[in-house]
Each structure stands twice: as structure tokens, then as C-alpha cells.
Protein chains: 2
Amino acid sequence: MATIGDVAKLAGVSRSTASYALSGKRAISDEVRDRVYAAVRQLGYTPNAGARALATSQTMVIGLLAQFLPDEFAPAMLQYILGVSDSARELGYDILLVTEEDGTRALKRITDSRAVDGVVLLNVAEDDERLPILREAAQPGALVGLPADCAGVDVFDLDFEEAGRMMVEHLVRLGHRELVLVSQPEHVVQRGGAYVWRLQNAALEAAALRGVVLHTYFGASRQPEIGRQLTQLLDAHPTATGLLLNNEAAAAALPSVLSGRGLRAPEDLSVVGRYSDEFARTFSLPYSSIESAPDRLGRMAVRTLVDRIERRAGGPHVVRFISPDFAERHSTAPPRAAGSPAPRRDH
Amino acid sequence: MATIGDVAKLAGVSRSTASYALSGKRAISDEVRDRVYAAVRQLGYTPNAGARALATSQTMVIGLLAQFLPDEFAPAMLQYILGVSDSARELGYDILLVTEEDGTRALKRITDSRAVDGVVLLNVAEDDERLPILREAAQPGALVGLPADCAGVDVFDLDFEEAGRMMVEHLVRLGHRELVLVSQPEHVVQRGGAYVWRLQNAALEAAALRGVVLHTYFGASRQPEIGRQLTQLLDAHPTATGLLLNNEAAAAALPSVLSGRGLRAPEDLSVVGRYSDEFARTFSLPYSSIESAPDRLGRMAVRTLVDRIERRAGGPHVVRFISPDFAERHSTAPPRAAGSPAPRRDH
DNA sequence: CTGAAAGCGCTTACAG
DNA sequence: CTGAAAGCGCTTACAG
């Protein structure tokens with residue numbers, strides 16, 4: 001493989017001149033520049049990434065820490081990954097994908113070894129073990145997900161409180177008086193998925209304010225458990241007319257649960273989920289939803305991270321919540337007949 | 001950040017001795033080694049990845065090229081990625097994830113710049129444009145998917161011919177005489193998804209051999225098109241008693257299509273898919289399937305690639321097909337009544 | 001068993 | 001506008 005020395009020799013200039021001609025970091029005569037470019041083309045020269053990283057202390061690589069926990073719904077994560085990967089590339093960065101179980105060790109490894117210029121953490125927990133490591137690291141970090149302590153990092157998350165309020169208010173406005181909310185599994189919360197609480201508490205508050213009943217549950221994140229649970233919930237609350245889902249697995253399972261009971265949305269039951277549009281398409285979900293916008297969050301995290309890497313922004317750290325959009329898929333309507341039981345399967 | 005020079009100084013040895021103590025590449029007295037280790041611990045020393053890559057020409061990074069084509073089903077790809085990522089890590093390698101649209105350019109970039117020691121290509125097409133680039137590259141490559149020309153690369157794929165035969169024979173043994181096969185979209189084939197042909201042709205051959213009718217179709221890879229198409233196919237072939245799916249989107253859509261028609265598998269229709277067990281769980285699919293084993297394929301590709309990188313295997317390139325396993329989920333049974341039409345929705 | 005030195009392929013002050 | 005030199009942080013022949 002050709003080195004910059006080969007390019008310089010062929011162009012008849014010094015290595016520094018060749019380097020400057022390529023970087024444009026100092027004025028070069030047109031004639032010399034042309035000769036250098038010609039040599040580059042002729043030799044098929046590409047700078048050696050390791051050598052450049054060593055010389056500049058810039059790898060042009062961003063670390064992406066994505067944990068695929070057994071109790072989370074993997075396809076939901078994919079969208080964040082693609083959002084991060086695509087926007088990193090647009091900004092000239094490659095992605096070092098780390099899916100190791102032991103996220104702390106992985107983070108320490110890639111930051112200590114200077115393999116990356118910065119890091120994006122997905123799936124951030126309330127009291128995330130990776131954060132102390134990140135704060136000690138020389139590289140900046142951006143999180144998707146809100147931890148208890150945001151010091152020293154840039155944080156991006158959906159406004160789950162607003163999402164909870166929106167879900168409830170939307171159905172209240174249509175005339176619903178009794179709702180059921182199915183959240184993520186309880187161990188997600190225990191592990192530190194504070195967003196589950198944020199949405200649920202805001203939903204409860206909104207319900208109390210409007211004087212409607214809201215039953216809240218934690219649902220499994222796996223089939224077939226979640227399907228059975230949904231069935232039980234519908235049995236347990238025959239007078240509820242609205243179903244709110246903050247649980248991707250539940251959303252994915254709902255169509256067959258409903259059709260198994262002979263129910264349709266919104267005729268028999270109004271349904272609002274919280275997931276991305278892409279997720280809805282993939283799983284063919286016909287329910288209106290609070291758009292969780294993983295791609296937007298991923299993009300924002302990367303942009304801010306790159307700004308920080310490139311010292312354009314050395315300023316204070318940000319904590320940004322994006323306002324949820326409501327994706328209308330016509331799965332909500334006024335309740336069939338206030339107070340009367342929802343239709344049941346006819347056997 | 002501490003360098004090996006700092007370690008050497010603190011341990012009171014030369015840099016080379018410190019380096020050898022850490023690599024174990026030459027004999028070191030116990031006493032010196034202990035001093036070096038102590039210094040490493042005290043300083044929290046981690047070797048600089050770029051410097052090491054420059055000195056050794058080894059990055060300990062594997063490039064993973066995953067294209068997320070709009071007409072393919074993204075969640076199916078995730079499993080390959082995780083298989084590759086996890087097994088690479090076990091072998092000491094990190095993953096540079098490249099999801100760029102322009103796979104050729106990306107591949108050229110990461111190989112020419114020596115950012116990776118080797119490359120895994122996912123989603124390989126019959127006449128894949130990335131292959132000429134890969135053959136010119138200095139690094140070895142492993143493919144998941146079978147191209148027309150396997151020269152210079154290691155290739156791993158499911159034995160789709162065997163898969164096609166298995167699907168047909170399984171249903172024939174149960175007494176079915178008329179089957180429908182839904183494959184991936186036609187443009188996947190046109191782009192070079194030869195595996196679609198391989199499965200379909202083998203299925204047709206097996207059907208001819210057994211004297212049973214096999215209707216073959218290309219299905220969409222998106223909702224809601226694929227759902228509509230499945231409905232049309234079932235309408236068009238009322239006497240068919242078995243449905244074969246070589247199309248993940250079709251498999252994901254089938255449960256609601258069937259329940260919409262009041263049909264159940266295997267009572268009313270026998271169904272066999274071709275997808276991974278993980279996929280079946282995620283989508284809660286109750287159909288027996290030919291296991292596509294993405295994790296196994298990813299692992300095999302990585303192991304072979306790493307062997308080649310580390311010169312343990314400089315030998316001839318391999319083309320390996322893995323035999324499909326049949327994952328029994330009890331969605332097949334003898335046809336209800338040979339020759340009589342399948343039950344239809346009662347309205 | 002250990003050390004001094006060269007070299008990997010870049011970039012970037014320093015000089016002119 | 002250009003060149004010679006130092007340096008980034010490692011590893012590894014070469015010497016002893």
C-alpha cells in the first residue's frame with residue numbers, strides 16, 4: 001500500500017508538502033497541488049487510519065454502546081443504531097459497535113485505548129454503571145435515555161411525561177372514562193428504566209386531574225407471556241374503553257390478542273401505543289402512537305457529540321427532551337357506550 | 001493518559017522490557033514482570049490502539065458491512081449483526097459497523113485506510129459489487145450469502161436447496177398434494193438474492209418428483225402489501241392445504257391474515273416458514289420453520305475470518321452450507337380432507 | 001534476561 | 001510557498 005512518502009516522491013515534493021496539499025492546511029501552489037493529486041490517484045493512496053490517529057489524536061470513530069438485554073425488545077433498539085450510524089457517517093465518523101454484556105468494561109476498553117473520539121450510550125439506566133467510567137474518560141459522551149445524574153454528559157430523551165399526558169388527554173377528550181396502561185416489565189424499571197415511571201406517573205396525574213380511572217400494569221417483554229397478560233387485563237377490566245401501551249412487545253402482540261377476542265380498534269377498544277413509526281410499519285401495527293423518534297434522538301446525540309469532539313462546542317452540557325408527536329392511525333374513537341361493558345368473544 | 005514510557009520509568013526498566021513484559025513475547029524475570037504489572041495498575045495504563053495498530057499492522061477490528069435495503073426486513077438482519085459482534089468480541093476483536101448505502105465505497109474506505117484487519121459482508125448478492133473491491137483489498141473477507149463467484153473469499157450460507165426440499169417433503173409426507181410457496185420480493189431476486197431461486201427451484205423439483213402441485217409467488221417485504229397478497233393467494237388457491245414461506249415479512253403478517261379469515265394452523269392450513277428461532281419468538285410466530293441460523297452463520301464467518309487474519313489458516317478458501325434444522329412448532333398436520341376446499345370465512 | 005534504537009505512517013510546529 | 005525534522009506511542013529486530 002502506498003504511503004504519503006510514495007506520493008511525495010512521485011510528485012517530487014517533500015512529505016510535508018504532500019500532506020499539506022491533501023489537508024489544505026496551508027497554501028500550496030496550484031502546480032504542486034496538481035502533481036500531488038495526480039500521484040495520489042496514480043498510486044491509489046489512502047491515508048493509514050492508525051498512523052493518522054496517532055499523529056492527530058483523532059480516530060474519526062465514535063463508539064456506540066448498545067446492550068441487548070434479554071428482557072428488552074431487540075428490534076426497537078435497531079432504529080437507534082441506524083440513526084446513530086447514518087448520521088455519524090454523514091459527519092465523517094465511523095461506528096465502533098459494542099454489544100458486550102459488560103458495558104462498563106467495554107466502555108473502559110475503547111476509551112482508555114483511544115480507539116474512539118467519543119461515545120454514544122444507548123439504553124441508559126437511571127443509575128447507569130457506565131456513567132462513572134464515561135466521566136473519567138478523556139472523550140465526550142452523549143446519552144440516549146435519562147439518568148439520575150446528567151453531569152458531564154449530553155443527554156437526549158423523549159419527553160415521557162408529556163407522552164403520558166398526551167395519551168391520557170387524547171382519550172379523555174374523546175370521552176373515555178376508564179383506561180388501562182401497560183408499561184414495560186417491572187425489572188426494566190428496577191434496572192433503572194426511569195422513563196417507565198416518568199410516563200406512568202404523568203399519565204396517572206393527568207387521569208386524576210380529569211377524574212378518569214387509569215389502571216396501570218407492568219407487562220412482560222416476551223411472547224407468549226405478554227399475550228396472556230393482555231388477555232387477562234382485558235378480562236379484568238371489561239368496562240375499560242381505552243388501552244395505552246408503553247411496551248413494544250405488548251403492542252406487537254395486541255393484534256392477535258384482539259382478533260382472538262373478536263375485538264377491533266377503535267370500534268370496541270381505543271388503543272394508543274408508544275413506539276416509532278418504523279416499528280409500526282415493521283410490525284404492521286394499526287394503532288395510533290406517540291412517536292418515540294429513535295432516529296431523531298440518535299441523530300441529535302451524534303450531532304452534539306461531534307460538535308463537542310471538534311471543540312465547536314466546549315460549553316455547558318445539555319439535557320434535551322424531544323416533544324412527542326402523535327402519529328394518527330385511527331385506532332381511537334369515542335367509547336361505544338359509556339359505562340356499558342365492552343363486547344366479549346361470543347363463546 | 002499514561003504511555004508505555006511512563007510505565008517503564010515507574011518500573012525502572014526500558015520501554016522494550018515493559019512492552020515484552022506485557023506481551024509475554026520474550027522471557028522476563030519474575031521480579032521485573034511484577035514491577036511492570038504494578039506500574040501498569042498504578043497508572044491505569046492501556047496501550048494506545050492507534051499506536052499499536054501502526055506498529056503491528058493489526059487493528060484488532062473487523063469491519064461489518066450491513067446494508068439495510070428498504071425492501072428487506074430489517075429485524076431479520078439484526079441477528080446476523082449480533083452473532084458477528086458477539087463472536088468477534090470473544091476472539092478479541094471489535095466491530096466497525098458500516099451501514100452506508102454505498103457499500104463499495106465504504107468497503108474501499110475501511111480496507112484502504114487499514115482501519116480493519118478483515119471484513120464480514122452481510123446480505124451478499126449473486127453478483128455483489130463489493131466483491132471486486134474485497135478481492136483487491138489486503139485484508140481477508142468472509143461472506144454470509146452465496147455469490148456467483150466465490151474466488152478469494154470464505155463463504156457461508158444456509159443450504160437453501162435443502163431447505164426448499166425439506167419444506168416440500170415434510171408436507172408431502174403428511175399427505176398434502178397442493179402447496180403454495182411465497183418467496184421474497186422479485187426485486188430482491190433481481191438484485192441478486194440467488195438464495196430465493198435456490199430454495200424455490202429445489203422446492204419445485206421436489207414437488208415434481210413427488211407429483212404434487214406447488215404454486216410459487218414473490219411476495220412484498222412490507223406491510224400492508226404482503227398482507228393483501230397473502231389474502232389474494234389464499235383466495236386464488238382454495239384447494240391448497242399447505243403454505244410455505246421464504247419471506248420474513250409474510251411470516252410476520254400471516255397470523256393476522258389467518259385470524260382475519262377465521263383460519264387456524266394446522267387445523268385449516270399447514271404452514272412452514274424459513275426464519276430464525278429468535279425471529280419466531282420476537283414476532284410470536286406459531287409456525288414450524290426451517291431454522292435460518294443467522295447467529296451460527298455469523299459465528300462461523302467470524303471464526304474463519306479471524307483464523308485467516310491470524311495466519312493460522314492461509315489455506316484454500318471455503319464455501320460452506322449449513323444444513324437447515326427443522327424447528328417444530330406444530331403448525332403442520334395431515335390435510336383436513338384431501339381435495340376438499342379449505343374452510344372459508346363465514347360471511 | 002535486558003536495553004538502545006529503528007521504524008510503523010502520518011501531522012505539524014519550526015525555519016527559510 | 002516549501003522542506004527537514006521531531007514526535008505521536010507502540011513493537012521488535014539487533015546487541016549484549
Side-chain angles (χ1 to χ4, degrees), chain A residues 1-37 39-40 43-61 109-117 138-139 310, chain B residues 1-37 39-40 43-61 109-117 138-139 310:
Chain A
M1 203 65 200
T3 72
I4 191 136
D6 300 326
V7 171
K9 200 177 300 170
L10 185 58
V13 298
S14 71
R15 298 191 317 168
S16 56
T17 299
S19 177
Y20 282 119
L22 293 176
S23 70
K25 286 191 182 169
R26 78 179 182 194
I28 299 281
S29 69
D30 289 356
E31 192 220 327
V32 165
R33 192 200 333 276
D34 290 348
R35 287 214 309 270
V36 170
Y37 282 169
V40 164
L43 297 170
Y45 169 73
T46 306
N48 179 299
R52 177 175 274 180
L54 183 56
T56 61
S57 304
Q58 284 230 138
T59 62
M60 301 308 284
V61 174
R109 175 166 48 82
I110 66 173
T111 52
D112 280 357
S113 69
R114 297 296 207 273
V116 296
D117 294 338
Q139 300 95 331
E310 299 177 352
Chain B
M1 204 64 202
T3 71
I4 192 136
D6 300 326
V7 170
K9 202 177 298 170
L10 183 58
V13 298
S14 71
R15 298 190 316 168
S16 56
T17 299
S19 176
Y20 282 119
L22 293 176
S23 70
K25 287 193 183 169
R26 78 178 183 193
I28 298 281
S29 69
D30 289 355
E31 191 219 329
V32 165
R33 192 200 336 275
D34 290 348
R35 287 214 310 270
V36 171
Y37 282 169
V40 163
L43 298 170
Y45 169 74
T46 306
N48 179 298
R52 176 173 275 181
L54 183 55
T56 61
S57 304
Q58 283 229 139
T59 62
M60 302 308 286
V61 174
R109 174 166 49 83
I110 66 173
T111 53
D112 280 356
S113 69
R114 296 297 207 274
V116 297
D117 294 337
Q139 299 95 332
E310 298 177 353

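None of the values given here were measured: they were computed from a predicted structure. Proteins come first, then strands; the chains are lettered A, B, ... in the order of their sequence lines, and each starts at number 1.
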Evaluate the criterion side chain to side chain contact (heavy atoms under 4.5 Å, CB included) for residue pair B/Thr111 and B/Gln139; output intermediate values, then yes/no.
CA-CA 7 Å; B/Thr111 53; B/Gln139 299 95 332; 3.3 Å; yes
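- Separating the CG atom of B/Asp30 from the C1' atom of C/dT2 is a distance of 15 Å, rounded to the nearest angstrom.
- Residue A/Met60 contributes atom CE, which lies 18 Å from atom C1' of C/dG9 at whole-angstrom precision.
- Among the nucleotides D/dG3, D/dG9, C/dG3, the one closest to the side chain of B/Ser14 is C/dG3.
- Smallest separation of non-hydrogen atoms from B/Leu22 and B/Val40: CD2-CG2, 3.9 Å.
- For the pair B/Val7/B/Val36, a side-chain contact is recorded, criterion being any heavy-atom separation below 4.5 Å from C-beta on.
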Summary of protein contacts for nucleotides 11-16 of chain D, nucleotide by nucleotide, where a base hit scores B, a sugar-phosphate-only hit scores S (4.0 Å, heavy atoms)
BBBB--
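- Under 3.5 Å, the side chains of A/Ser14 and A/Thr17 contain a donor-acceptor pair of N or O atoms.
- Helical stems in DNA chain C, defined as runs of 3 or more consecutive Watson-Crick or G-U wobble pairs with both donor-acceptor distances under 3.5 Å, are listed by first residue as C:1-3 with D:14-16, C:5-12 with D:5-12, C:14-16 with D:1-3.
- Between B/Asp34 atom CG and C/dC1 atom P the separation is 14 Å, expressed in whole Å.
- Between B/Arg33 atom CZ and C/dC1 atom P the separation is 9 Å, expressed in whole Å.
- Not counting sequence neighbours, the partners of A/Arg35 by the salt bridge (Lys or Arg N to Asp or Glu O under 4.0 Å) test are A/Glu31.
- When the nearest nucleotides of DNA chain C are assigned to A/Thr46 and B/Val32 by heavy-atom distance, the more 5′-ward of the two goes with B/Val32.
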